[in-house]
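Okay, so here's the structure we're looking at.
The sequence lines fix the lettering, A, B, ..., with proteins before strands; numbering per chain opens at 1.
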Amino acid sequence: MEKDNKRHDVHHMSAYRVVCLVVLLILAFLFLFPLYWIVTGAFKTAKEVNSVTPVWWPTQWTLTNFQKLFSRQQAPLWEIHLPFSSSFSGTGNAIVITAGPEVPAAIRWMVNTVFMAVAAMVLTCATATMAGYALAKKRFRGQALLFSLIVAAMALPKQVILIPLIRQMSAMKLYNTIWAVIFPTVGWPFGVFLMKQFSESVPTEMLEAARIDGAGEWKTFTDVVIPMVKPGIGALAIFTFISSWNDYFMQLIMLSSTSNLTISLGIAKLQAENATDFGLIMAGAALAAVPILTVFLIFQKYFTQGIAMGAVKG
Amino acid sequence: MQTAQPQRSKVLVRRETRSAYLFLLPSLFFFIGFVVVPMILCVATSFFDSTMGKDTADTFIGFANYVELWKDPIFLRALRNTFVIVVVSVPVTCVFSLWVSSAIYQMPGKLLSFFRIVFYLPVITGSVAVTVVWKWMFNNYYGIFNYVGTGLGLIQQRINWLGDEKYALGCIILILLTTSVGQPIVLYVSALGNVDASLIEAAQVDGATDLQVFWKIKWPNIMPTTLYILVITTINSFQCFALIQLLTSGGPNHSTDTVMYYIYYTTFKLYRYGYANAMGVMLAIFIAILSAVQFRFARER
């Protein structure tokens, strides 16, 4: 009797598993479809894109949409404002460095976006690792106050401070430069909190041993602390890169001139100006999505590990 | 943090404080300059009548901005929409991602990563690229929703999905859901994988059903993850902005306004900075209360 029951259970289980798998595959198809629609849409002719009966697969792959995308306004490949340089440039204006040939605006948007995400990532990791170590391993006046300030700030949505932030950026002559997007991202205290959690696991004895061996503060930090919190730095780097790349709101309020846009803003602008030219918009979306998806697929394992680890410590 | 420390000399304390602040300095520069000071200014300006293009300087008006908020029908509608989004998307995201994770976490490695990647793709693709393709799919004439819907007989005639008050908010929530399950699934898969397998085996030997194993063993073990997911999903839903701005701009007839979008609108279309700041402060308070409630709820369990 009991045996029968068990067998029935097993049978029932595998049927349930099969149903699950089928449902999951359908869901996977639905989740992949928008991406498929972007990529194929980018290569469709205007007639196919604006067809009432959807064209599921482009009959003739065309590059017209990309040609249109790349025919837009030219800009130098590389242009960077030196932050705070207006105070010492002599002219009162910020120093601007440009380099490279004139390229289509869309290429420039891509360059801007990569620079923004990488700069935010590097600055956040560097500052947060130092600060997290100090908060976890040192005792100093104002520690409790600073820590509660960090926790409180983390719970607030950063969008609520948009107006003061815009005014401040204008006052610092950073408004409409890529730094206006980077600096608030770096200031966001989540990274410090995360790195504090990771630094807690560094044994105090090791720090003391290094000190007794005559290592200075900085050497202790670089030779003992950093190797031990490396997984944390990796997780934080991934977090910051993705969230900065996708932080449309901050980019929208801080950047306005065409050559300064990020790729997200660029597509939004394309959409605002050519509301029904879906082929062109899809070409822009493909340009934005494909590089970051490639990066994601290559580092997929680290991404998922990093996300899981960040949550455990956070 | 407060471990027992032997009494140390003042010189040592001072030296440690100095070195701590040297390590903190770069971070504090950004944190104070671009987060703390703007936050203080945000709260301060919310008590002023600060509007662009006014001749006079900002005038102090006390709580007048806050009082006006509760009489502003557009704000109240935006608030209601925000709550609808949160109340629908948070539970659905949590249940959906828990179900998917339970179904996939014991699958063979390749299959597991395939599903994990697929559900995470919309997060990586980025809100703008995702939004523009959905806008096309929802389009009245060229969108596939109307084609498939009428073809299968699900709808009688074309629906102007994003232009109809009845459907617009629902469409936005649907897209929001596809972009918000990725992270919870990654977290749940990792949390379920960390549940002690011997506990589960012991229960199964004792004849526990799968459902009992789930509620008695897995669920309590993944509670911290659930709490974390609840908090981040709530905050994300509250901040839903790109979708609204790109799809409907709050329309039709303010039916898809959220607090976040209305703050943006008040700032860049009405130029009423003090009023927008008051809204920002209210939003922050709502999020703080909700997070606190979720934490309290989880503690009691």
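- Looking at V36(B), the atoms closer than 4.5 Å to chain A (heavy atoms on both sides) all sit in the side chain, from C-beta outward.
- In this structure, chain B has a heavy atom under 4.5 Å from the backbone of K137(A), while its side chain stays farther away.
- No side-chain donor-acceptor contact under 3.5 Å links N277(B) to the backbone of I163(A).
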* **Residue pair L252(A), F268(B): steps toward the side-chain contact (heavy atoms from CB on, under 4.5 Å) verdict** => CA-CA 11 Å; L252(A) 176 72; F268(B) 290 99; over 6 Å; no
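- Of all the listed residues (G132(A), A153(A), A272(A)), the one sharing the greatest number of non-hydrogen pairs under 4.5 Å with chain B is A153(A).
- Here the shortest heavy-atom pairing between G33(B) and Q168(A) reads O-NE2, 2.6 Å.
- Looking at T53(A), both its backbone and its side chain come within 4.5 Å of chain B, counting heavy atoms on both sides.
- Both the backbone and the side chain of T125(B) come within contact range of chain A, with heavy atoms under 4.5 Å apart.
- Shortest non-hydrogen contact noted between A134(A) and L24(B) is CB-CG, 3.9 Å.
- If you measure heavy-atom distances from W37(A) to chain B, the contacts under 4.5 Å come from both the backbone and the side chain.
- For L146(A), the part sitting under 4.5 Å from any heavy atom of chain B is the side chain, from C-beta outward, and nothing else.
- Q106(B) contributes atom CD, which lies 6.5 Å from atom CZ of R17(A) (distance to the nearest 0.5 angstrom).
- Under the 30°/60° scheme for interplanar angles, the aromatic rings of F30(B) and F183(A) are found to be tilted.
- If you take CG on L22(B) and CZ on F221(A), they are separated by 12.5 Å, rounding to the nearest 0.5 Å.
- Residue V118(B) touches chain A through both its backbone and its side chain, counting heavy-atom pairs closer than 4.5 Å.
- One distance of note links OH of Y248(A) with OG1 of T131(B); it measures 8.5 Å at 0.5 Å rounding.
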* side-chain contact (heavy atoms from CB on, under 4.5 Å) between S19(B) and F140(A), intermediate numbers included -> CA-CA 9 Å; S19(B) 82; F140(A) 56 91; over 6 Å; no
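- Closest of all the heavy-atom pairs between A28(A) and F114(B) is CB-CE2, 4.2 Å.
- Classified by interplanar angle (parallel below 30°, tilted 30° to 60°, perpendicular above 60°), the ring pair F96(B)/F31(A) is parallel.
- Between N246(A) and G126(B), the closest heavy-atom pair is OD1-CA, 3.1 Å.
- With a 4.5 angstrom heavy-atom cutoff, L283(B) touches chain A only via side-chain atoms.
- Ranking A152(A), P189(A), A289(A) against chain B, the residue ahead of the rest is P189(A), based on heavy-atom pairs under 4.5 Å.
- Under a 3.5 Å cut-off, the side chain of Q271(A) and the backbone N or O of V128(B) do not form any donor-acceptor pair.
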* Check against side-chain contact (heavy atoms from CB on, under 4.5 Å), W99(B) and L24(A) -> CA-CA 10 Å; W99(B) 178 78; L24(A) 281 169; 4.0 Å; yes
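- With hydrogens and angles disregarded, a donor-acceptor distance shorter than 3.5 Å links the side chain of Y21(B) to the backbone of R141(A).
- If you measure heavy-atom distances from M39(B) to chain A, the contacts under 4.5 Å come from both the backbone and the side chain.
- Contact of L246(B) with chain A is made through backbone and side chain together, with heavy-atom distances under 4.5 Å.
- Surrounding OH of Y265(B) are at most 12 heavy atoms belonging to other residues, nucleotides or ligands under 6.0 Å away.
- Counting heavy-atom pairs closer than 4.5 Å to chain B, the top-ranked of the candidates L32(A), I281(A), N50(A) is N50(A).
- The contact between F296(A) and chain B is made entirely by side chain atoms (from C-beta outward), counting heavy-atom distances below 4.5 Å.
- The shortest distance between side-chain heavy atoms of S27(B) and M130(A) does not fall below 4.5 Å.
- Neither the backbone nor the side chain of V295(A) comes within less than 4.5 Å of any heavy atom in chain B.
- In terms of heavy-atom pairs under 4.5 Å with chain A, the best-connected choice from G280(B), S127(B), A20(B) is A20(B).
- For F238(B), no part sits under 4.5 Å from any heavy atom of chain A, backbone or side chain.
- Using a 4.5 Å heavy-atom cutoff, the side chains of L27(A) and F119(B) are in contact.
- Here I292(A) is the residue among T185(A), T129(A), L297(A), I292(A) with the most heavy-atom pairs under 4.5 Å with chain B.
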* **CA sep, side-chain torsions, deciding dist, call: V132(B), L270(A), side-chain contact (heavy atoms from CB on, under 4.5 Å)** => CA-CA 10 Å; V132(B) 291; L270(A) 284 182; over 6 Å; no
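- Side-chain atoms of R167(A) and T45(B), non-hydrogen and from C-beta on, do get closer than 4.5 Å to each other.
- In this structure, chain A has a heavy atom under 4.5 Å from the backbone of Y141(B), while its side chain stays farther away.
- Scanning for side-chain hydrogen bond (donor to acceptor under 3.5 Å, both in side chains) contacts around Y275(B) gives D72(B), with sequence neighbours left out.
- Taking the six-membered ring for Trp and thresholds of 30 and 60 degrees, W218(A) and F23(B) have nearly parallel ring planes, at less than 30 degrees apart.
- When heavy atoms are compared at a cutoff of 4.5 Å, N146(B) does not approach chain A at all.
- For V192(A), the part lying under 4.5 angstrom from a heavy atom of chain B is the side chain only.
- Listed here is the closest heavy atom pair of P164(A) and P38(B): CG-O, 3.3 Å.
- Residue contact with chain B, scored on non-hydrogen atoms closer than 4.5 Å, involves the backbone and the side chain of I150(A) alike.
- Interface residues of residues 262-269 of chain A toward chain B, defined by a heavy-atom distance below 4.5 Å and sorted by number: S264(A), I267(A), A268(A).
- With a 4.5 Å cut-off on non-hydrogen atoms, V181(B) touches chain A through its side chain but not through its backbone.
- The two residues Y142(B) and V49(A) come nearest to each other via the heavy atoms CB-O, 4.1 Å.
- Proximity to chain B (any heavy atom under 4.5 Å) is restricted, for I242(A), to the side chain, taken from C-beta onward.
- Atom CH2 of W136(B) sits about 10.5 Å away from atom CG of D277(A), to the nearest 0.5 Å.
- With a 4.5 Å cut-off on non-hydrogen atoms, A284(B) touches chain A through its backbone and its side chain both.
- Heavy-atom distances place the side chain of Q300(A), and not its backbone, under 4.5 Å from chain B.
- Interface residue M107(B): only side-chain heavy atoms are found under 4.5 Å from chain A.
- For L25(B), no part lies near chain A; criterion is any non-hydrogen pair under 4.5 Å.
- Neither the backbone nor the side chain of I232(B) comes within contact range of chain A; no heavy atoms are under 4.5 Å apart.
- Contacts between L162(A) and chain B at a heavy-atom distance below 4.5 Å involve the side chain alone, from C-beta outward.
- Of the two parts of L35(A), only the side chain, counted from C-beta on, holds a non-hydrogen atom closer than 4.5 Å to a non-hydrogen atom of chain B.
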